Every structure is written in C-alpha cells, then in structure tokens.
Amino acid sequence: MAVFKPQGAALEVDSATKEPDDYTVENTSLDLDAISQSYSGLMKIKRLLHIARHCPMLALDATQHAVEEVRSTFNIGAFQDICYIRHQLTKDPKDSPTSPEAISWIDDRKRQSSLILETLDKDLKSFRSHSIKESIRRGYDDLGDHYLKCGDLTNSFKCYSRAKDYCLSDKHFYGLYLNIIVVSVFVGNWSTVINYYNKADSYGIISNKQLAKQTDMLKIKSRLLAAVGLAEMCLEKYKNAARYFLQLSIDAFDFPEILSAHDVAIYAGLCALATYDRPDLNSKVISSNTFKEFLELEPTLRNAICQFYDSKYTACLGSLRSIQGDLLLDPFLAPHVNKLLWEIRRRALVQYFTPYSSVDMNKMAESFESTIGELEKEISSLILEGKIQGRIDANAKILYSRSVDPRMLSFKHVLEAGRTYKQQTTYLLLRANMMKQKVSVGQLMYGSYEQEVDYL
C-alpha cells in the first residue's frame, strides 16, 4: 500500500503523490454491508467493483454484493466485469462471464431491455404527437433512467438533456440538472457538473434563503452542493471543495446515487485539513454546529482534525495513516489520497515551526517520523516556496527563523510610499504643464491604419 511520507527529493513530490492504478490494500476496516446500504444503483456497483479490484481481503464478498445489485439492472457490461473478477478469484467455471448461466442471464436481460425501450419509445412518440409537454418531459426522463440502468451513459445524458425544452417549473429544471449531474459524475465530466450547478444557482435555490428553507428544495440544494464539492475535489481544487461540503446539513442530506454522509465527512475533513489555517479549521469545521454531526460519523478523522488543531502532529499523521487503506478504496478519493495527506503533512511542518525562532531538526524529524535527510529536503522546498521564513544550518542541523525588524519594516513602507507619492506628483505636474503649453495628442491616418502621434 502506498504511503504519503515522501521518499526522495522534495522537488519530486508531484510524481510521488500520484496514486498508481495497480495498488493493493491489504488491511481495511470497511463494512461491505454498510456500503451496500449507503448507495444505490450504478454507484453501488462502481464502488464495490473498485473494492474488488484493489482489496483482495474483501474482493470475493464485494463481487457477491455487486452481483446481487447488478441483477436488478440491465447493465450487461458491469455484469461481465463482475463475473470476470469473480472468476479470477474463484477459478470456478460457473463464475465465468461465458458460462451458460451468465449467457442465459445476458440474453434474457437484452430481451427485456429491448421490450422496455420499445414501449418507452412508443409512449414518447404518442406524447409528442399530442404535444403534451409534461408527458414528453416524463417520457424523456423515463428513457434516461432506463439507459442509466443499462449503463449506457451517452444515451442517458442525451435523453435527460432533451427534456429541457419541456420543463414547466423550477422544480422540473432542478430535477433536470440533477439528472445530468449524476450522469456527468459517472462519466467524470466535472466541468459539466460545475456548469449545471451554476445554472441551478442562477435560479436562486442556493442563494435564496427563503426558497432554500423549503424541505424539498433543501434536499435538492444539498445534492447540488455535494455534487459540485465532489467535482471541485476531483479537479484538485480542495479549498473550494471544502467550502461546498461544509455548507451541507446532515438532516437534509440524502444522495445515495452518488455520495453518503460518511463520504461528505471524509472529503470535507481532508480538504479542510489540507487547505485551511487554524482559525478557519476551528470555526468552520471543529466548532461548526452543522458539520459536527458529519464528523461524528468518522471518529478517527475527527480525532485527527482535533489533534492537528492542538498541534499534536505525530498523533494526527498517525491517525490519518491508520485510515489510509479505507481512503484508497474510495474510487473518487483514491487518486487524491497521497496528495491530500502530503499537503496536510506540509501544513503541519509549517505550523510546527511557526512559534519558534529556532528548531532542532533532529527532534523535528523524530516528531514527524522522518530522517534528517528527508526532512531537510522538505523544509528546503517549503523555504523556496515562501511557506517557511527561515534558513537551515546544515552543519548543526538547526532551522532558524528569519527575524524581521518591525522598525526597519516600517521605514521601508514609509520610503516606498514616499517614492510612489513623488512619482504621482511628477506625473500630475507634467500633465498640467503640457496642458498649459497646449501640447495635445492627435491621430494621423496612413491607409487603413491609424497611428497615434504626439505633436506640438
């Protein structure tokens, strides 16, 4: 399992923090029953398949849960993927995607899917012939739902999009935007998710406090905020992601098609730890009345956040390391785990040094469970980036703070202000003299071009 403690030069962090696709998680505390109950439809299958691919300990049980779910859909591609993984694990011919039982199920599902699609298409044509807008919108939504059950995301997106011209109320538009956002999440088209969130926001559901207080609108708002937060996180805009997630209320949150409340707690907590300073971490996360209920769902992460705020960095990093395996089994979070934990470590290094004028790097390395060589490279990188105002005594292995004389700093600001005032005054006097001497600016035409010239 990949770890977030750097191995090698600090300047090679970008390559070191990217999680490879072929990693394996040996130990995890995930509960597959809880996962099955927290999600529905294609998202449940997606998450269980991800666990099966990366966690040998849970692979067999994960495929069993996935098979039970996929049998209630028409997603033949997902069914074949599950059978292939299960066959690799059990070597049982019955689990093969080419077994007679599997082929029979596939043929039966294809036939049923075609019949349903034919019926829905016929109903839609009937609605269109009678020009019933509400029925046409529902017809497109039903087609989109069916294609989503089949795993055909392209046609699902097209059907949901075509319903736009037949929306008659704000609720219809919100439902349309959510449908498109859900499909875009599965496709990984994060710019579309953000775009449709902004469209929903333009209708006032996010900013209009009176509208947002309605129960059904509050649930729609929660789904939109969760989706855009996920999109921002996947685009590595972690501070924006934390801002959106922290606006959620657990009482109004219900989004099994994409996220669970546990996901919100983990995503928001990690993004906030990686980007927020201590005052914001306290006011917006630890002391937040709404988000506190999310954190109660993830006690280990809650402890890590409190330990970070209390400057107990060794304990904080240890807590995060203990749940790293679980984090890597999240298909959306996995590509960002190492980078987020690396950013949290860097913020811890900065905050560790901030109160001191000098620090023994041997003790600092011991606190962060690192070698002197690795720590020196990390500190050097932070100094070059301006995150730490200090200098390293390589012989004595001491990190000194660069002291700033406030008196000299004040003189510097005063001199700079004086130079700016003098320059502006000179420009004003020059302008006044030019106007007094009737110096003006005119334009001369040369063919099809204009050239601006000064003349007396």
Side-chain angles (χ1 to χ4, degrees), residues 36-37 39-49 52 62-87 93-168 171-189 192 255-258:
S36 295
Q37 294 172 7
Y39 306 99
S40 64
L42 189 56
M43 181 52 64
K44 183 193 291 189
I45 298 170
K46 179 182 177 70
R47 289 181 178 272
L48 289 170
L49 274 175
T63 55
Q64 181 60 41
H65 281 81
V67 165
E68 293 172 1
E69 178 63 26
V70 80
R71 286 185 180 278
S72 64
T73 71
F74 301 95
N75 197 331
I76 294 171
F79 176 78
Q80 290 174 326
D81 287 344
I82 296 167
C83 289
Y84 176 78
I85 295 174
R86 192 168 177 82
H87 180 61
K94 293 182 180 179
D95 292 326
S96 171
T98 58
S99 67
E101 182 184 352
I103 292 174
S104 174
W105 184 88
I106 291 172
D107 291 339
D108 181 60
R109 278 312 196 186
K110 281 182 178 179
R111 185 172 57 257
Q112 290 185 35
S113 177
S114 298
L115 290 173
I116 293 174
L117 185 60
E118 184 178 346
T119 302
L120 292 174
D121 195 44
K122 184 185 296 184
D123 290 343
L124 181 59
K125 287 179 180 177
S126 175
F127 298 148
R128 289 175 66 88
S129 65
H130 291 87
S131 300
I132 308 172
K133 280 195 169 184
E134 173 65 13
S135 299
I136 295 172
R137 182 188 64 81
R138 290 181 179 177
Y140 276 123
D141 282 350
D142 291 341
L143 272 173
D145 293 341
H146 178 68
Y147 279 123
L148 189 60
K149 285 185 177 181
C150 295
D152 189 346
L153 300 177
T154 301
N155 282 320
S156 179
F157 184 89
K158 288 179 180 178
C159 290
Y160 287 142
S161 300
R162 287 169 183 164
K164 179 180 179 181
D165 296 333
Y166 305 97
C167 292
L168 302 175
K171 288 185 179 181
H172 292 169
F173 279 106
Y174 297 145
L176 166 73
Y177 295 155
L178 279 173
N179 287 336
I180 293 176
I181 282 172
V182 167
V183 177
S184 299
V185 167
F186 287 117
V187 176
N189 192 343
T192 300
F255 203 8
E257 296 89 348
I258 299 296

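Excluded from the calculations below are hydrogen atoms, water molecules and symmetry mates; all remaining heavy atoms, backbone and side chain alike, are included. All values derive from a computational prediction rather than experimental measurement.
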Is there side-chain contact between L117 and Y147, with at least one heavy-atom pair below 4.5 Å? yes
Taking C-beta and beyond as the side chain, do F74 and H146 meet within less than 4.5 Å on heavy atoms? yes
Output yes when R138 and D142 qualify as a salt bridge under the 4.0 Å nitrogen-oxygen rule, no when they do not. no
So, for P97 and I106, which heavy atoms are closest and what is the spacing to 0.1 Å? O-CD1, 4.4 Å
From L148 CG over to L143 CG, what is the distance, rounded to the nearest 0.5 angstrom? 12.5 Å
Within the 4.5 Å heavy-atom criterion, are E257 and V185 side-chain neighbours or not? no
Would you name the heavy atoms of L153 and V183 that are closest together and state the gap between them? O-CG1, 3.6 Å
Mind listing the closest non-hydrogen atom pair of A163 and Y140 along with its distance? CB-CB, 3.9 Å
Enter the distance from K164:NZ to F173:CZ here, rounded to the nearest 0.5 Å. 7.0 Å
Restricting to non-hydrogen atoms, name the atom on I258 and the atom on R47 that form the minimum distance, rounded to 0.1 Å. O-NH2, 3.5 Å
Heavy-atom distance under 4.5 Å between the side chains of F157 and T192, does that happen here? yes
Quick one: does any side-chain atom of S156 pair with a main-chain N or O of D152 as donor and acceptor, under 3.5 Å? no
Taking the side chain from R109 and the backbone from C150, do they hold a donor-acceptor pair closer than 3.5 Å? no
Within a 6.0 Å radius of atom CD on E68, are there more than 12 heavy atoms belonging to other residues, nucleotides or ligands? yes
Considering all heavy atoms, the nearest L48-A62 contact: O-CB, 3.6 Å
Taking only Lys NZ, Arg NE, NH1 and NH2, and the carboxylate oxygens of Asp or Glu, determine whether D108 and R111 approach each other closer than 4.0 Å. yes
Any side-chain heavy-atom pair of V182 and F255 under 4.5 Å: yes
Would you check if H172 and E134 make a side-chain contact, meaning some heavy-atom pair closer than 4.5 Å? yes
Report the residue from D145, D141, N179 that forms a side-chain hydrogen bond (donor to acceptor under 3.5 Å, both in side chains) with Y160. D145
Using a 4.5 Å cut-off on heavy atoms from C-beta on, say whether the side chain of C167 contacts that of R137. yes
If you take all heavy atoms of V70 and W105, which pair is closest and at what distance? O-CZ2, 3.7 Å
